[in-house]
Amino acid sequence: MAEPIQPLEPNATSELKQEVREEVLVRRSRRGDLTAYDDLVKRYQERIYATIYHMTSNHEDANDLAQESFIKAFQVLPSFKGGSSFYTWLYRIAVNKTINFLKQRKNRTHLSLNDLDFNAEHDPDLMALISEKTPRREAGLTELQEKLNAALLKLSEPHRMVVVLHDVQGMSHEEIAKVMDCNIGTVRSRLFYARQQLQSELADYLK
Amino acid sequence: MNEQDSNFEPLVKLLALKRHEVPPPGYFNNFSRRVVEHIRHNESAKGEGVLGTLFAEAPWLMKFVRIFDTRPAVAGSFASVLFLLLVGVIVYTDFFPANNPESMLTVPPVENNVSSPLVAVSHEFFDQSVAASADQVSSTNPVYTLGSADSAFGGQGSMLQPVGFTIH
């Protein structure tokens, strides 16, 4: 029997409401309620897919790994004790799965890039990168995209993950430390090193 | 750290390009449904014991079996082919038993039949040749070679002769 969601105080913030609702969904999912788990998947599918895609630069691999991450999360849901948020716990599963997959595949990388959305052409920062002032002004957005992904793939998996989580997905150092199960100092040093490497690799496009 | 961030500002702006990469339209419409379906499949497969383990370890096998679920005609054709193969093997083994390798090396002695001019073995001739080569060791399985002899049709024919050989 589905657990009813308790009504909250009228002045409860939407964030709090969402937290409570998530707690209920997690509890129901742990009991095998796939309808509740379906809601949880819908909540995080885009973020999990995006993280994996940015790490692999391959849509097909990202699709498979994202699905496997959610399936694995459901299988081990009984082990989720609530010490961290469900979001962090889920992210950790996806990150570990992705890093293990990439380590096994080693250097056999194959780009299968997603298209850029309509807004990319209207991003002033990006347009500035391909303006007349840059040495490689003839480079279009597509070439930029390929060069950027190729440069990211040259980083080691942990360094790439930190850049993706921080600079692409906007996570804080603290959140990244929890997801990657390391301390904040390690996150900062990896981020610095990774940015240095990328800057060197993409120097022609950054002047 | 702010100073470091400012040093990498152009790079961070370039990395923002990644946020504009999107999967094909409608990709997420069925994503959660596919995940839930997969979980349901795994759970029903788990309930089948050995089969469940097999399908969990080899999901491609599950996909192969599911083809038969959705296309009964394919299942019927596949079963027919297997059945025909099995019948073929049984028929083949019945009509073409495996040959004894030893019989390939020996020719069973043929009766001294005058009406059979092509192959004629003279037992008397054979006994004489064995006696003549008494110092030689001959095999218990007589080995015959072709020699020249008069044929019933005239001219030179062939006649089987025993061959003696020495074992050192």
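The analysis underlying the following values was restricted to heavy atoms, covering all of them including side chains, and did not include hydrogens, waters or symmetry mates. Proteins come first, then strands; the chains are lettered A, B, ... in the order of their sequence lines, and each starts at number 1. Just so we're clear, the structure is a prediction, and the values are computed from it rather than from any experiment.
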| said: Heavy-atom cut-off 4.5 Å, strictly under: side chain, backbone, both or neither for A/Glu68 against chain B? | reply: neither
| remark: Residue from A/Asp115, A/Asp39, A/Val41 scoring the most non-hydrogen pairs under 4.5 Å with chain B is A/Asp115
| Heavy-atom distance under 4.5 Å to chain B: side chain of A/Ala50, backbone, both or neither? | neither
| A/Leu34 CG to B/Arg40 CZ distance, which is reported to the nearest 0.5 Å | 5.0 Å
| task | Please test A/Lys42 against B/Phe28 for side chain to side chain contact (heavy atoms under 4.5 Å, CB included), starting from the C-alpha separation and ending with a verdict. | result | CA-CA 8 Å; A/Lys42 283 182 175 132; B/Phe28 289 113; over 6 Å; no
| said: Run A/Arg195 and B/Val12 through side chain to side chain contact (heavy atoms under 4.5 Å, CB included) and show every step you take. | reply: CA-CA 9 Å; A/Arg195 281 170 165 181; B/Val12 173; 3.9 Å; yes
| said: To the closest 0.5 Å, what do you measure between CZ (A/Phe74) and CD (B/Glu43)? | reply: 5.0 Å
| field | Choice from A/Val163, A/Val168, A/Asn119 maximising heavy atom contacts with chain B below 4.5 Å | value | A/Val168
| At what distance, to the nearest 0.5 angstrom, does CZ of B/Arg19 lie from CG of A/Asp117? | 11.5 Å
| From NZ (A/Lys147) to CG (B/Leu17), nearest 0.5 Å | 14.0 Å
| task | Under 4.5 Å, counting heavy-atom pairs only, tell me which of A/Tyr37, A/Phe70, A/Tyr53 racks up the most with chain B. | result | A/Tyr53
| query | Quick one: what part of A/Leu152 sits under 4.5 Å from any heavy atom of chain B, side chain, backbone, both or neither? | reply | side chain
| request: Hey, can you tell me if B/Tyr27 and A/Tyr49 have their rings parallel, tilted or perpendicular (30° and 60° cut-offs)? | output: tilted
| Max heavy-atom pair count under 4.5 Å with chain B, selected residue of A/His54, A/Gln199, A/Gln196 | A/His54
| said: If I measure from the heavy atoms of chain B, does A/His59 come under 4.5 Å with its side chain, its backbone, both, or neither? | reply: side chain
| Close side-chain approach of B/Phe31 and A/Gln67, heavy atoms under 4.5 Å | yes
| Between A/Val164 and chain B, which part of the residue has a heavy atom less than 4.5 Å away: side chain, backbone, both or neither? | neither
| Proximity breakdown for A/Asn149 and chain B, heavy-atom pairs closer than 4.5 Å | side chain
| task | Take A/Asn63 and B/Arg34, measure what side chain to side chain contact (heavy atoms under 4.5 Å, CB included) needs, and give me the verdict at the end. | result | CA-CA 11 Å; A/Asn63 173 57; B/Arg34 289 198 300 271; 3.6 Å; yes
| task | Taking all heavy atoms of B/Ser32 and all of A/Asp38, pick out the closest pair and write down the distance. | result | OG-OD1, 3.0 Å
| task | Ignoring hydrogens and angles, state whether a donor on the side chain of B/His20 or A/Asp123 is under 3.5 Å from an acceptor on the partner side chain. | result | yes
| query | Measuring from A/Leu206:CG to B/Phe8:CZ, what's the distance to the nearest 0.5 Å? | reply | 11.0 Å
| query | Which heavy atom of A/Asn114 sits nearest a heavy atom of B/Pro24, and at what distance? | reply | OD1-CD, 4.2 Å
| Heavy atoms of other groups near B/Lys18 NZ, more than 12 under 6.0 Å | yes
| request: Calculate, to the nearest 0.5 Å, the distance between atoms CG and CG belonging to B/Leu14 and A/Leu198 respectively. | output: 8.5 Å
